[in-house]
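Written below as structure tokens is the structure these notes are about.
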Protein chains: 2
Amino acid sequence: MRGQIQEITSFSNPRVKWVSSLKEKRNRDAEKKFFIEGFREIQKSIMENPKGSKKFPIKLDCLFVSPECYLGSSEQALVDKVNCPVFQLPKKIFEKISYRDRPDGLIAVAETPDATMNWELSSPLYMNPILIIEGVEKPGNLGTILRTAEGAGVGLVIITDPRIDLFNPNVVRASTGTLFTLPIFISSIEDVFLNLKKQNYQIYAVTPDGKKLYTSANMDLKSAFLFGSEQYGLTDFAKQNSDDSLYLPMFGEADSLNLAMSCGIILYESLRQQNKG
Amino acid sequence: MRGQIQEITSFSNPRVKWVSSLKEKRNRDAEKKFFIEGFREIQKSIMENPKGSKKFPIKLDCLFVSPECYLGSSEQALVDKVNCPVFQLPKKIFEKISYRDRPDGLIAVAETPDATMNWELSSPLYMNPILIIEGVEKPGNLGTILRTAEGAGVGLVIITDPRIDLFNPNVVRASTGTLFTLPIFISSIEDVFLNLKKQNYQIYAVTPDGKKLYTSANMDLKSAFLFGSEQYGLTDFAKQNSDDSLYLPMFGEADSLNLAMSCGIILYESLRQQNKG
């Protein structure tokens with residue numbers, strides 16, 4: 001049931017106004033829709049989940065295309081594959097709804113999935129390591145963290161009490177689509193501790209005032225690494241309930257490493273200890 | 001000889017136009033001046049170099065201030081310390097020349113130092129590790145790399161054949177001022193190899209097609225890590241002349257790790273091997 005391609009020629013077309021309105025969180029919330037721009041991102045969003053995967057499925061609502069912006073021929077192949085209405089726009093209008101400096105002519109609108117972690121359904125967890133981010137503030141940082149977590153083979157990412165919308169267009173963009181390929185869920189910090197402890201995970205708080213040098217922690221067992229927000233760090237609850245706390249050595253100022261960088265370094269040390277890196 | 005504070009009240013003041021013009025590289029080149037915004041950045045730029053340091057000195061040409069934008073009292077203390085003419089602007093005009101969303105009321109203009117590596121003067125080199133970036137393209141990436149290199153205790157950063165201006169305002173900003181505290185120089189890739197080999201450095205090319213897993217390299221000797229540009233990677237010359245080539249394991253797609261992240265992971269592995277991390 002491939003949708004027919006409908007042409008839009010006017011800036012004042014209600015569909016154009018509607019998709020632009022999704023740049024604002026309150027509109028995304030009201031419509032329960034979000035915005036996926038770019039070939040790679042859309043392709044990842046419609047990839048079939050691996051068998052047994054706990055990933056939330058993405059359902060495309062519609063696709064906006066502008067063949068004048070395509071960078072190659074794969075864009076058309078993707079358009080032929082999607083199972084939703086397709087709207088074709090002239091470049092000038094497309095650029096108006098795009099989030100990018102150099103759009104590649106593809107923007108999808110998808111239904112916002114429920115990303116709440118269902119601990120009961122998901123258990124037992126067998127992933128190592130698990131990455132937990134408490135209250136991340138900057139969409140671009142979260143995207144970079146997801147991209148890095150994918151590289152490091154992280155099995156599960158949990159975002160607790162986020163101050164940002166997981167489906168913010170800048171998360172999608174900075175994640176280069178890994179938002180759709182990594183198992184990533186939202187949970188409360190209390191549920192994270194309750195469930196991971198029950199399943200014998202070692203929960204390591206990573207914080208500048210950590211007690212142990214990160215390389216001296218035993219990461220080859222079931223490990224979960226817990227990072228705080230850019231501005232406020234970890235909550236007291238998180239620090240007090242962790243099994244141990246780790247720090248990264250730093251020769252410069254306390255903020256020499258940003259959140260994503262700290263995650264990457266810890267995750268690659270974990271790979272090394274697991275003899276995978 | 002503290003400069004007197006001169007008030008500027010008009011958008012059309014030639015000083016305002018002049019400082020705005022420095023946002024463009026050709027004007028920075030013509031004037032041999034660049035732009036340092038922010039308390040932390042300016043403070044680092046005027047810090048005295050440690051004894052024996054090979055850092056280029058920064059000479060401030062003038063300072064633009066807007067007390068309405070100050071975030072605390074340290075801004076005024078810094079203004080009292082500088083040794084150059086100071087121009088005071090109303091917030092509205094200051095915001096026009098600022099690079100930031102939330103300016104802190106301080107912008108300095110400095111003379112562009114000569115950052116060319118003087119191999120003769122700098123030898124022998126005793127730093128471990130040395131970080132070499134070949135042809136970096138994005139100012140923000142270079143800034144993040146410098147910030148991370150400072151955290152990892154890198155002794156020397158060499159940028160070869162840069163496609164960007166080392167003193168681009170976005171390098172200054174993303175480096176959070178470490179551009180002024182880390183020894184960082186520009187050289188040709190040929191001179192890098194010639195001089196580092198003469199001094200018995202092991203030069204490791206870090207590249208997705210590297211031959212050796214990065215953790216299996218011996219990094220506790222005199223090591224230099226060589227990274228390519230975001231888009232083009234390392235040149236053939238760099239690959240062919242390196243002593244060895246290293247790769248980072250990657251579970252996702254080839255571009256899961258960005259350039260700065262790869263640098264951070266390698267540099268922290270080097271710290272670990274040196275028993276410093």
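Residue numbers begin at 1 in each chain, while the letters A, B, ... track the order of the sequences. Because only heavy atoms are used, hydrogens play no part in the values below, and waters and symmetry mates are left out as well, while side chains stay in.
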| Criterion side-chain contact (heavy atoms from CB on, under 4.5 Å) on F251(A) and V154(B), from CA distance to verdict | CA-CA 9 Å; F251(A) 286 83; V154(B) 164; over 6 Å; no
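Not counting sequence neighbours, the partners of F34(B) by the ring-ring contact (aromatic ring centres under 6.0 Å, His included) test are F167(B).
Atom-to-atom distance recorded for I266(B):CD1 and Y268(A):OH is 10.0 Å, nearest 0.5 angstrom. Taking CE of M261(B) as the reference point, atom SG of C263(A) lies at 7.5 Å (rounded to 0.5 Å). Atom OG1 of residue T215(A) and atom CD of residue E269(B) lie 9.5 Å apart, to the nearest 0.5 angstrom.
For Y232(A), the OH atom is loosely surrounded, since the number of other residues' heavy atoms within 6.0 Å does not exceed 12.
Taking every heavy atom of both residues into account, P249(B) and L271(A) meet most closely at CG-CD1, 4.0 Å.
Listed options N258(B), T176(B), T178(B) were ranked by heavy-atom pairs under 4.5 angstrom with chain A; first place goes to N258(B).
For residues 133-152 of chain A, heavy-atom neighbours of chain B at less than 4.5 Å comprise T144(A), R147(A), T148(A), E150(A), G151(A), A152(A), sorted by residue number.
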